[in-house]
Asks: 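Here it is, the structure in full.
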Amino acid sequence: MTKKIKRKKKEQDKDFFDKVYGFVELIPYGKVTTYGALAEASGIKSSARTVGWAMNAAAGSNLPCHRVVNRNGELTGKLHFGDPNLMEDLLRSEGVAFTKEGNVVMSKHFWQPTNVAKKKLIRNN
DNA sequence: TGGATGACCTACA
DNA sequence: CTGTAGGCCATCC
């Protein structure tokens, strides 16, 4: 994220990026969330992709981007951290459990930004 | 204005 | 499990 284009919309004065960043900052220590959850929390549940975009823009920021994984618990964005092992390393240092495949154990560390009851629950494990 | 890209998700074969 | 296909939305060119 370098420059934000000027928006004429009053409500959209802030990009939804800011919302995503806000939620990312709220992710507790040792917890992780998913792009889809952040997307829904930001109001674009249908597009988890754009959340990934926000993360890409937030790369190098103070935001704990390493706590954001995909629905499967895979560290799909590890390659964007400079070092492929950095993301996993950070999570491990926070006490996050990993599977032998190198994925986060969502059932233990999944954190949901929204308290809204979801019909879709984690089917993992 | 429209195509291309992306740290995604779901469904299906 | 891998590959293909569609969709979703923001951004860049």
Side-chain angles (χ1 to χ4, degrees):
Chain A
M1 104 174 50
T2 42
K3 54 160 164 222
K4 49 168 48 177
I5 24 188
K6 49 289 169 113
R7 304 194 166 268
K8 332 188 154 187
K9 313 195 166 169
K10 5 189 163 170
E11 333 219 343
Q12 286 265 78
D13 194 357
K14 301 185 167 199
D15 301 305
F16 88 108
F17 283 60
D18 294 339
K19 296 182 183 175
V20 175
Y21 297 156
F23 284 112
V24 173
E25 290 180 4
L26 294 179
I27 303 177
Y29 182 93
K31 291 285 182 182
V32 298
T33 188
T34 67
Y35 299 97
L38 287 174
E40 183 173 6
S42 301
I44 50 169
K45 154 187 174 189
S46 322
S47 258
R49 242 186 199 174
T50 316
V51 176
W53 237 95
M55 291 293 102
N56 184 23
S61 303
N62 303 329
L63 303 174
C65 317
H66 58 278
R67 293 178 188 156
V68 183
V69 297
N70 69 351
R71 200 89 193 130
N72 217 355
E74 306 174 38
L75 310 183
T76 55
K78 65 185 340 184
L79 297 177
H80 289 259
F81 280 79
D83 291 327
N85 299 332
L86 181 58
M87 189 175 185
E88 181 176 342
D89 211 19
L90 288 172
L91 291 174
R92 282 183 185 276
S93 62
E94 294 186 0
V96 176
F98 278 83
T99 64
K100 52 170 63 176
E101 298 176 348
N103 299 343
V104 177
V105 182
M106 301 298 288
S107 53
K108 296 186 65 166
H109 304 285
F110 178 67
W111 175 81
Q112 200 167 25
T114 58
N115 291 335
V116 182
K118 300 168 68 74
K119 30 184 112 178
K120 284 184 162 188
L121 296 180
I122 325 169
R123 47 153 102 151
N124 183 11
N125 291 23

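Each chain gets a letter, A, B and so on, in the order its sequence line appears, and its residues count up from 1. Excluded from the calculations below are hydrogen atoms, water molecules and symmetry mates; all remaining heavy atoms, backbone and side chain alike, are included.
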Asks: Out of B/dT10, C/dC9, B/dA7, which nucleotide sits closest to the side chain of A/I44?
Replies: C/dC9

Asks: With the side chain of A/R71 defined as its heavy atoms from C-beta on, choose the nearest nucleotide among B/dC9, B/dA7, C/dA10.
Replies: B/dC9

Asks: Do A/M55 and A/V24 have side chains that approach each other closer than 4.5 Å (heavy atoms only, starting at C-beta)?
Replies: yes

Asks: Which residues within residues 82-91 of chain A lie with some heavy atom under 4.0 Å of an atom in DNA chain B?
Replies: none

Asks: What distance do A/L38 atom CG and A/I44 atom CD1 have between them, rounded to the nearest 0.5 Å?
Replies: 9.5 Å

Asks: Does the side chain of A/T76 get closer than 4.0 angstrom to OP1 or OP2 of B/dC8 through an N or O atom?
Replies: yes

Asks: Mind running a 4.0 Å heavy-atom check of residues 48-55 of chain A against DNA chain C and sending the residues that fall below it, in number order?
Replies: A/R49, A/T50, A/W53

Asks: Taking only residues two or more places apart in sequence or in another chain, which ones pass side-chain contact (heavy atoms from CB on, under 4.5 Å) with A/A59?
Replies: none

Asks: Quick one: pull up OG in A/S47 and OH in A/Y35 and give me the separation to the nearest 0.5 Å.
Replies: 14.5 Å

Asks: Base, sugar-phosphate, or nothing for A/A39, non-hydrogen atoms under 4.0 angstrom?
Replies: nothing

Asks: Is the backbone N or O of A/G30 less than 3.5 Å from a side-chain atom of A/H109, with the two atoms forming a donor-acceptor pair by type?
Replies: yes

Asks: Per the salt bridge (Lys or Arg N to Asp or Glu O under 4.0 Å) rule, what does the pair list look like for residues 48-69 of chain A, sequence neighbours excluded?
Replies: A/R67-A/E94

Asks: Nearest whole Å is fine: how far is C/dC8 P from A/E40 CD?
Replies: 16 Å

Asks: Consider the side chain of A/F17, meaning its heavy atoms from C-beta on, and name the nucleotide among C/dT11, C/dC8, B/dC9 that approaches it most closely.
Replies: C/dT11

Asks: Find the distance between CE (A/M106) and CD (A/E74) and round it off to the nearest 0.5 Å.
Replies: 10.5 Å

Asks: If I take atom NZ in residue A/K78 and atom C1' in nucleotide B/dC8, what distance separates them, rounded to the nearest angstrom?
Replies: 17 Å

Asks: Rounded off to whole Å, could you give me the CG-to-P distance for the A/L63 and B/dA7 pair?
Replies: 18 Å

Asks: Show me the pairs that pass salt bridge (Lys or Arg N to Asp or Glu O under 4.0 Å) and involve residues 97-110 of chain A, at least two apart or across chains.
Replies: none

Asks: What is the distance from CG of A/D18 to C1' of C/dA10, rounded to the nearest Å?
Replies: 14 Å

Asks: Would you kindly give the CG-to-P distance between A/N56 and B/dA7, to the nearest whole Å?
Replies: 6 Å

Asks: Which donor-acceptor pairs under 3.5 Å do side chains of residues 75-88 of chain A form with protein atoms, sequence neighbours excluded?
Replies:
residue	atom	partner	partner atom	Å
A/E88	OE2	A/R92	NE	2.9
A/E88	OE2	A/R92	NH2	2.7

Asks: Tell me: CZ of A/F23 to C1' of B/dA7, nearest whole Å?
Replies: 19 Å

